[in-house]
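Structure record follows, encoded as structure tokens.
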Amino acid sequence: MDQPVRFGLNVDPNVGGLAIAERIAAIADNSGIEYVGVQDHPYNDGFFDTFAVLTWLAARTDRVHLFPNVANLPLRPPAMLAKQAASIDVLSGGRFELGLGAGGFADAIAGMGGPRRDRGTARAALAEAIDVIRASWAGEPYEFAGRHYTVQGLRPGPRPAHEIGLWLGVVGPKAVRLVGAKADGWSVSAPYVPPKRVGELNLLIDEAARSAGRDPGRIVRLYNVMGLVRPEDRDPFHGPVRRWVETLTRLHTEQRLNTFVFWPSGDRERQSRIFAEEVVPAVRAALA
């Protein structure tokens with residue numbers, strides 16, 4: 001089963017930018033866009049806590065789904081992370097998804113008291129965290145004993161209001177296979193995984209999913225696109241509406257990406273509105 005094409009807008013958790021964050025979330029909520037994503041860098045002194053912002057936005061929207069893009073696992077223990085996610089999902093009426101990352105910026109994480117992990121260790125911890133989170137969402141008492149996480153006699157709750165999507169923000173081949181084996185989606189950004197690399201990584205996801213007896217067509221393939229909608233046609237992510245429609249349509253039909261989250265590189269509110277009101281309807285029409 002192939003996923004339908006969906007769209008989202010980025011909201012930054014800037015301490016001085018709550019008014020803009022609320023207005024961008026309202027654009028998504030009122031225009032039929034499916035998602036609002038908020039980046040998670042707890043060590044950034046200019047950012048509010050991402051989960052606090054997501055809860056605040058959930059109370060100010062009615063239909064759009066919200067997600068951390070992506071949650072910083074080393075600074076957020078998985079059992080607690082599962083409880084936060086389930087709580088926001090219940091409070092929002094089933095409108096929360098969980099983007100999850102193994103944790104970049106090792107010095108900043110360690111400086112905030114988190115563990116310093118090499119790539120292999122971070123990947124192993126991420127795999128364990130998925131198991132802990134899913135067990136927590138099942139709502140039954142459980143124990144878990146891993147190399148990186150231990151849970152003893154936990155009575156989890158509340159249960160989520162809907163089946164929360166668990167999307168991994170990973171780029172390495174081994175970590176990408178984890179998406180197919182254990183997760184519900186893949187959340188990556190164009191600067192880290194340019195379009196020419198998407199195809200090979202998508203194949204790894206497919207292979208891992210089939211090996212695990214899972215349907216690759218059910219996996220969300222989310223692409224964070226950074227750029228501007230503007231008259232000058234500079235590159236695939238900087239150009240007029242027509243260029244954006246061509247780019248996103250091609251990324252869906254050729255690279256099988258099925259969710260696009262827009263991060264404007266300037267004039268955020270105006271650009272978000274143009275994307276929501278002009279680009280998104282035109283892409284939907286082109287793919288209809």
Side-chain angles (χ1 to χ4, degrees), residues 4-41 44 46-47 50 53 57 60-61 63-70 99 169 171 186-199 220-288:
V5 178
R6 297 185 173 98
F7 299 89
L9 296 176
N10 171 69
V11 166
D12 290 323
N14 293 325
V15 169
L18 283 181
I20 293 176
E22 183 175 12
R23 291 196 296 268
I24 291 176
I27 291 170
D29 203 42
N30 295 328
S31 66
I33 276 184
E34 288 84 359
Y35 299 116
V36 165
V38 182
Q39 59 183 303
D40 185 34
H41 296 284
N44 187 327
F47 283 179
T50 291
V53 173
L57 289 173
R60 284 159 173 77
T61 52
R63 53 157 303 281
V64 71
H65 283 229
L66 304 136
F67 71 103
N69 195 9
V70 288
V171 298
W186 183 38
S187 176
V188 292
S189 301
Y192 296 103
V193 180
K196 64 182 180 181
R197 280 202 66 210
V198 169
V220 171
R221 323 275 174 138
L222 187 154
Y223 206 45
N224 295 294
V225 290
M226 290 75 170
L228 289 171
V229 186
R230 63 180 196 175
E232 298 83 7
D233 196 344
R234 195 180 82 192
D235 61 51
F237 302 118
H238 291 81
V241 171
R242 169 190 52 77
R243 182 65 180 272
W244 275 91
V245 173
E246 293 171 354
T247 296
L248 300 185
T249 300
R250 186 172 63 253
L251 287 171
H252 173 66
T253 57
E254 297 179 5
Q255 304 286 18
R256 296 185 298 121
L257 295 166
N258 52 42
T259 303
F260 300 100
V261 176
F262 181 52
W263 296 51
S265 54
D267 199 1
R268 290 177 293 155
E269 184 180 347
R270 178 175 173 273
Q271 283 286 311
S272 295
R273 187 174 297 282
I274 293 172
F275 185 82
E277 297 180 355
E278 299 183 35
V279 174
V280 170
V283 175
R284 293 195 199 278
L287 293 172

Parallel, tilted or perpendicular, as decided by the 30° and 60° cut-offs, for the rings of H41 and F47: tilted
Quick one: closest heavy-atom pair of [X] and [Y], and the distance?
X: V198; Y: V193; value: CG2-CG1, 4.0 Å
X: A286; Y: V245; value: CB-CG1, 4.1 Å
X: N224; Y: P191; value: O-CD, 4.5 Å
X: P68; Y: T50; value: CB-CG2, 4.2 Å
X: Q271; Y: G266; value: CG-O, 3.3 Å
X: A28; Y: Y35; value: CB-O, 4.3 Å

Is there a side-chain contact between [X] and [Y], using heavy atoms and a 4.5 Å cut-off?
X: N258; Y: R6; answer: no
X: W263; Y: N69; answer: yes
X: V280; Y: E277; answer: no
X: L251; Y: L248; answer: yes

R242 and D233 ion-paired at < 4.0 Å: yes
CA sep, side-chain torsions, deciding dist, call: E278, V229, side-chain contact (heavy atoms from CB on, under 4.5 Å): CA-CA 10 Å; E278 299 183 35; V229 186; over 6 Å; no
Single hit among F7, W244, Y223 for ring pair (Phe, Tyr, Trp, His ring centres under 6.0 Å) with F262: W244
Under 3.5 Å: donor-acceptor pair, side chain of N44, backbone of G46: yes
Contacts of S31 that satisfy side-chain hydrogen bond (donor to acceptor under 3.5 Å, both in side chains) - sequence neighbours left out: none
Straight-line distance of [X] [atom1] to [Y] [atom2], nearest 0.5 Å:
X: R273; Y: N30; atom1: CZ; atom2: CG; answer: 8.5 Å
X: H238; Y: R230; atom1: NE2; atom2: CZ; answer: 6.0 Å
X: I27; Y: E22; atom1: CD1; atom2: CD; answer: 11.5 Å
X: R268; Y: R23; atom1: CZ; atom2: CZ; answer: 10.0 Å
X: L9; Y: E269; atom1: CG; atom2: CD; answer: 11.0 Å
X: N10; Y: I24; atom1: CG; atom2: CD1; answer: 7.5 Å

Candidates I33, L222, V36 - the one meeting side-chain contact (heavy atoms from CB on, under 4.5 Å) with V261: L222
T61/L66 under side-chain contact (heavy atoms from CB on, under 4.5 Å): CA gap, chis, key distance, verdict: CA-CA 10 Å; T61 52; L66 304 136; 4.2 Å; yes
